[in-house]
Structures are given as C-alpha cells and as structure tokens.
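Have a look at the structure below before the remarks.
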Amino acid sequence: MGRFYLTTPIYYVNDAPHVGTAYTTVNADAIARWHRLCGDDTMFLTGTDEHGQKMAEAAERNGVTPQVWTDRTSARFKEAWAALDVAYDDFLRTTEPRHYRTVQSFLTRIYDNGFIYKGLYQGLYCISCEDYYTLEASDSGACPVHHRALVEMEEENWFFRLSAFEDRLLEYYDLHPGFVTPETKRNEARAFIRGGLKDISITRTSISWGVPVPWDEGHVFYVWYDALINYLTAIGYGREDDEVEHWWPHVHHLIGKEILRFHCVWWPAMLMAAGLEPPHHVHVHGWLLVGGEKLSKSLVAAGGVRIQDISPVELAAHFGVDPVRYYLVRETALGNDGDFSIEGIVARYNADLANNLGNLVARVAAVIGSKCAGLGPAPRDDGPLAAVAAAAVAANREAWARFAPHRGLEATFELVGATNAHLEAHEPWKMAPGPEVEAVMGDALEAIRVVAILVSPVMPSVAAEIWRRLGLAGRPDEGPLEASARWGAAPAPRPVTRADALFPRIRDDA
Ligand code: MSP
C-alpha cells in the first residue's frame, strides 16, 4: 500500500471561490479519491491563506476586523467545496493556533540553523500579489499581473538566506527528475535557480496581521513565508500530534503556474534549511481562461467578466455537481492552459455524458428488462469487452499516477464507446430471450460496472447511482481497485433497475 499526501494551494480569502480555484480543488479531490480507490494510505489537504496586507485591506474596506472578515470568507470556501462534493481530509486555516505553533517552531529551527539574518529591504511591492517586483520585471512601474501601481517599500526585515541553496537545489533537481512536472515547468524552475538566487525578506513591520516572529516582537512573517508552511502544519510539525515521519516527504503539491517559484524554489530551500527533505513532487497546472484572460479575482474586479457569473456553486446547481466536476477534470490537461466556457460544458455534457454514458446505461437496463426478465447475467471470461476493460483500467492507473486524470477519463470513455459499439454490432434488442442475448448483455453489464468504478473519483454520485441500478452491494469506490475492477468480480445474476435518464440532454440553443 502506497502513502499519498496531496495538497492544493491554500486560497486567499479576499474574495469568494471561483471556477479557477475550483479547477485546482476538484482535480486534486479526484486524484485523492483515485488513490483511496487504489487502497493507498491517503491524506488530502486544502485550506485558506488568511494573512497579509491584501486581507487586512479587504477587512478594512468592509468595515470589519481581519478575523471577522477571514472567518466569513473562509467559510465560503468550505461551503463551495461541500457543494462540489470535495472530500478533503483536513481544511486548514492559517489563522488557527496550530498553524502559528508550527510556523514558529519551523522558522525558529531555520533561524537556529543560521539561515535567517536581519537586513534592510527596499523594493517595489504589489499588494495583490503580496510580492516584490524588480523594476525590469514590472510593467513600467505597474504590476504585470494586476496592472496596479507598485508601491515603493523600505523595511528593516529578517531575511532568509535563499542564495545559500543554489547548488543544493540544482543538485536536488538533477537527482530527482520527477520532482517538478510537467518537464517544461521543471526547466522553468531550474532556469530560475541557475539565473542566481537572491535572499528573501520574510518579515514585515508595516502590518500586524500575521504570525508573530518569535524572536523579535513587532515583526510578523511575510504572508507567503507563513503560507507554505501550512503543508507541515496539517501533519503536526513541531507539535505533540506530530505525524511528520508518516507523511513527509511523501507529498504531492498541485499548484497553478503563477506560484511555481514559491513551491519549486523557496519551499524546497526552506525545508533544506530546516533539515527536512524537499517535497516528493510538485505538479504545476495551467490557467483556465475566459476569452484568453486569466479568470482571476483581481482582473475580474477591473472589469470584463464578473466572477460572480461563473461561481462554481451556481454552475453545479445548474448542470449538476458531477457534470461540472467531469468538465473540470476532462476538458483541460493538468499542465496546459484551457478555455472555460458554458458552451464547452454543454458540449461535453451532451456528447460524453448524455449520448455516450447515459445512453449506454439506459439501453442496457432496457434490454435486460425486456430480454432477461430484469436479471443481469454474468459476463463471459473471454468476451470481447474483457480485454478492452482491462486496458481501460491499466490506462487509468498509468494516467492518474502521472497527474493526467483527463487521460484516465478518456480511456474510460473509450470503454463506454466500445460497449455501445458492442451493442450496436449485436443488436440484442432484436434477439429472442436466451443464451445469446445473455452473453451479449452480461459483457455489457460488466463493462458498465468497471466504468462506474473508474469514473467514481470524478463523478462519485453518478457512479453510486449506476452501481445501485446494476443491483450491486456496497459502493463503487470501495476498492481496492485491484480486486474490484477485475472482470467478473461481482456476483451474477443480479436485478437491474430501469430509471430516469442519468443525464437528460441539454438543448444547445437553450
Ligand atoms: N494563497 C496563495 C497560495 C499559497 S499556497 C502555500 C494563492 N492563492 S490564490 O487564491 O490566489 O490562488 C491559488 C490557486 O488557485 C492558484 O495557484 C491556482 O492553483 C488556482 N487558480 C486561481 N485562478 C485560476 C485560474 N484562472 N485557473 C486555474 N487555476 C487558478 O496564490
């Protein structure tokens, strides 16, 4: 049994969850569910990033204290993830006492190890990014992402000696070719390190909304520096409920491409400085775009698409939770940018879910009802679909293991398509009841059972409903996959239920 610890970035709570943040979260949830299905010892962490100037400003604008503001907005993330059927094992808020304790003990360790020192910091700062820019990297003095003016900041700060880790980081990259995926992102991170690393300022005195620096009162840690440590907070670093040895470094961080530098350069260096192993794996995905623009909170605020129009919760209420999850996982490879559109959801829904999967389930139940007295027959050991199903299971294993769930779904829907083609080739609805129709339908039924298992990480409710209609006991995601997806693993004959269409077609012109 493998050990699998998966994280999403922790989301800023200065605004509501949107389709972009849902993209990361739903994909991560599906990956975690896949590993649970395989029987891996799995832990899935998400949460909210609640410190920093941006949050303090948002609270002030809304006339409440930062704590009241973050309580309110963090709760919206929990609600959104519940609405999207996200089954996290832990939801971490950086304002929790457990996080303060871990941050302080982790950073004290780095301080004691001699990698933190005091110096003067001057630079151009973007409050939306919570990050400094050099003049060259700026857009004539404005933030290249948010297009707002950068502010000149000068502070006496504590610095992290990032520059000391250039060689060790490069060596780590060389020894661990799979550390950062996809390859293009690995190259980007390595090039950044090769370009030379500057020490980073990790504390602030200009604000008090942050984790206090234990050895220097009046300073709080810079929001990014406290945020990254959340991945250790959840496993109890520096506390009595310490599970670090169990989970570290078996961790996989799923992140968006704009936060590559923090996760692929800073974070491994911080861990090295504290005497811990860098994370096992960072997978970097692209952005969902609307008409070519990043679907981000700050850009939306500047005009154009309003984020409220594409709330993932509203989408789920309209299209159903599982179809939205399916779209978010299937449409865009984790690594590429993708275009988000309502037309895209409708097209996927109609082609894959209504016409292919939904149609298959309906047909099979109808023919078993009329030709097999409602009793689903056993499959043939050497039936034509057995090998197709085994290939789909193998392709899924390979795809999910390399964070390519869209490829897993593609393989599963090839099995759906092959099963529909099997029915069309044999036309069991024209056959008389008897062994011939039973053979055809036993194979089709078993293929659907395997499909229900394979889609369960992405569409848990749909999979459970198919399972129920197939007359199966337990749940499709019970696993372990090894045994449950074996051809012929379920008892037969079983009563098969006919019911309403799983995915009523959506009119494209609606
Ligand atoms: N708080 C930091 C992360 C700290 S992790 C230690 C942060 N938060 S964020 O809310 O701005 O964005 C977090 C993540 O949301 C991004 O990395 C990305 O994974 C996801 N996305 C936000 N907008 C997105 C799109 N338009 N498309 C795809 N993912 C998007 O950065």
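Excluded from the calculations below are hydrogen atoms, water molecules and symmetry mates; all remaining heavy atoms, backbone and side chain alike, are included. Remember, it's 1-based here, ligands and their atoms both numbered in the order they're listed.
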Problem - Test item, His18 contacting ligand 1 (heavy atom, 4.0 angstrom) - result: yes
Practice task
Decide whether the shortest distance between a heavy atom of Trp267 and an atom of ligand 1 is less than 4.0 Å.
Solution key: no
With heavy-atom distances below 4.0 Å as the criterion, list the atoms of ligand 1 near [X].
{"X": "Gly286", "answer": "28 (C)"}
{"X": "Thr21", "answer": "15 (O)"}
{"X": "Gly256", "answer": "17 (O), 18 (C), 19 (O)"}
{"X": "Glu258", "answer": "16 (C), 17 (O), 18 (C)"}
{"X": "Asp49", "answer": "1 (N), 2 (C), 4 (C)"}

Within-cut-off N or O pair, [X] and ligand 1, under 3.5 Å:
{"X": "Tyr23", "result": "no"}
{"X": "Thr24", "result": "yes"}
{"X": "Ala227", "result": "no"}
{"X": "Gly20", "result": "yes"}
{"X": "Ile255", "result": "no"}

Practice task
Starting at CG of Asp131, measure out to CD of Glu258 and round the result to the nearest 0.5 Å.
Solution key: 11.5 Å
Completion exercise
d(Leu271 CG, Glu277 CD) to nearest 0.5 Å is 9.5 Å
Practice task
Measure centre to centre between the rings of Tyr100 and His51, then say whether the value is under 6.0 Å.
Solution key: yes
Problem - Phe159 ring center near Tyr117 ring center (under 6.0 Å) - result: yes
Handout entry: Criterion ring-ring contact (aromatic ring centres under 6.0 Å, His included) on His18 and Tyr11, from CA distance to verdict
Key = CA-CA 11 Å; His18 57 82; Tyr11 302 105; 8.5 Å; no
Problem - Criterion ring-ring contact (aromatic ring centres under 6.0 Å, His included) against Phe262, the qualifying member of Trp267, Trp224, Tyr231 - result: Trp224
Handout entry: ring-ring contact (aromatic ring centres under 6.0 Å, His included) partner of Trp158, the single match among Tyr121, Phe221, Trp215, Phe115
Key = Trp215
Exercise for the section: Would you kindly say whether His280 and His250 are connected by a side-chain donor-acceptor distance under 3.5 Å? Expected result: no
Exercise for the section: Would you please say whether a donor-acceptor pair under 3.5 Å links the side chains of His219 and Thr205? Expected result: no
Practice task
Determine whether the side chain, the backbone, both or neither of Ile259 has a heavy atom under 4.0 Å from any heavy atom of ligand 1.
Solution key: side chain
Exercise for the section: Identify which of Tyr231, Tyr11, Phe77, Tyr12 has a heavy atom lying nearest to atom 5 (S) of ligand 1. Expected result: Tyr231
